[in-house]
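Worksheet for the structure shown next.
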Amino acid sequence: MPTIMRSIDEQGYHFEEWLTPERIAEDVQLVANQISSDYEHKEPLFIVVLNGAFIFAADLIRALKNVRCEVTFIRVSSYWGMSSTGQLEFIVPLQQVVDNRDVIIIEDIVDTGLTIHQLKAHLRGLGATSIRVASMLFKPGKLEYDDAKPDYVGHELTDEFVVGYGLDFDGFARNMDAIYKVKE
Ligand code: IMP
């Protein structure tokens, strides 16, 4: 058990290594190759969803080939308010103009899809030409919003909770270079 996870382990959980750093690197390169071929003649704007996607994003954008691009960051919290379409709270707001841009959202994991569903609606309203999603992980069995299905996926999983490679458990374990399944 890595020291960094010991405090979590004491709460009665244990961790099983699921994706090794080598396997993650292969997944990331495959996603980068797909994006490189789809965007070779475009100038996409990557929008990295903080906090969890920062490590995947750093690896992904460096693995692209011949893609002239810009990168910006947001942090959002999705919640359902009075409106049936839900609301997005921007903790770190978008600081880039997306009007007429080909946008690629970079996420760590798509679970129910609520975050992506709301973010896409917001970016469409701001005039983005196209919006695609690259997510390191995807839980297809939990998806509740069809438009949130990621276009580029590193690896799929069922409904287990995972940590490491940017993903946290109560704020910890983002810095683990493998991805672990959390077991009770
Ligand atoms: P969604 O809006 O339901 O798709 O949730 C997406 C967000 O939930 C991700 O960006 C993560 O912050 C969090 N999340 C969902 N599943 C996991 C997991 O297995 N490990 C860590 N965070 C998760």
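Numbering of ligands and ligand atoms starts at 1, following listing order.
With rounding to the nearest 0.5 Å, the separation of CG in Asn175 from CD1 in Ile55 is 7.0 Å.
Atom CG of Asp146 sits in a sparse spot, with 12 or fewer heavy atoms from other residues, nucleotides or ligands closer than 6.0 Å.
Of the listed residues (Leu50, Val182, Val162), the one carrying the non-hydrogen atom nearest atom 20 (N) of ligand 1 is Val162. When the options Asp159, Asp111, Ile109, Leu137 are ranked by their closest heavy atom to atom 13 (C) of ligand 1, first place goes to Ile109.
The nearest pair of heavy atoms linking Leu60 to Ala134 is CD2-CB, 4.2 Å. Closest of all the heavy-atom pairs between Asp151 and Arg132 is OD2-CA, 3.2 Å.
Contact between Gly113 and ligand 1 is present, with at least one heavy atom of the residue lying under 4.0 Å from the ligand.
For a threshold of 3.5 Å applied to N or O pairs, the pair formed by Val110 and ligand 1 contains no separation below that value. Close N/O approach between Phe161 and ligand 1 is not found [any backbone or side-chain N/O within under 3.5 Å]. Below 3.5 Å of separation, one finds an N or O of Thr112 facing an N or O of ligand 1.
For Lys139, every heavy-atom contact with ligand 1 shorter than 4.0 Å involves the side chain, none the backbone. Within the 4.0 Å heavy-atom criterion, both parts of Thr115, backbone and side chain, lie near ligand 1. Contact annotation for Val163 and ligand 1: no heavy atom of the residue comes within less than 4.0 Å of the ligand.
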Going through the distances and angles, do Ile116 and Tyr145 end up as a side chain to side chain contact (heavy atoms under 4.5 Å, CB included)?
CA-CA 9 Å; Ile116 291 298; Tyr145 302 87; over 6 Å; no
Test side chain to side chain contact (heavy atoms under 4.5 Å, CB included) on Leu64 and Tyr39; report intermediate values, then the result.
CA-CA 10 Å; Leu64 297 170; Tyr39 287 83; over 6 Å; no
Checking side chain to side chain contact (heavy atoms under 4.5 Å, CB included) for the pair Leu19/Tyr165: CA distance, chi angles, key distance, verdict?
CA-CA 10 Å; Leu19 298 181; Tyr165 196 67; over 6 Å; no
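Taking every non-hydrogen atom of Glu107 and a distance limit under 4.0 Å, the qualifying atoms of ligand 1 come out as 10 (O). Taking a cut-off of under 4.0 Å to the non-hydrogen atoms of Glu160, the atoms of ligand 1 that pass are 19 (O). Close approach to Asp168 involves these atoms of ligand 1, each under 4.0 Å from a residue heavy atom: 21 (C).
Checked options Asp108, Leu119, Val92; the residue passing with Val49 is Leu119 (criterion: side-chain contact (heavy atoms from CB on, under 4.5 Å)).
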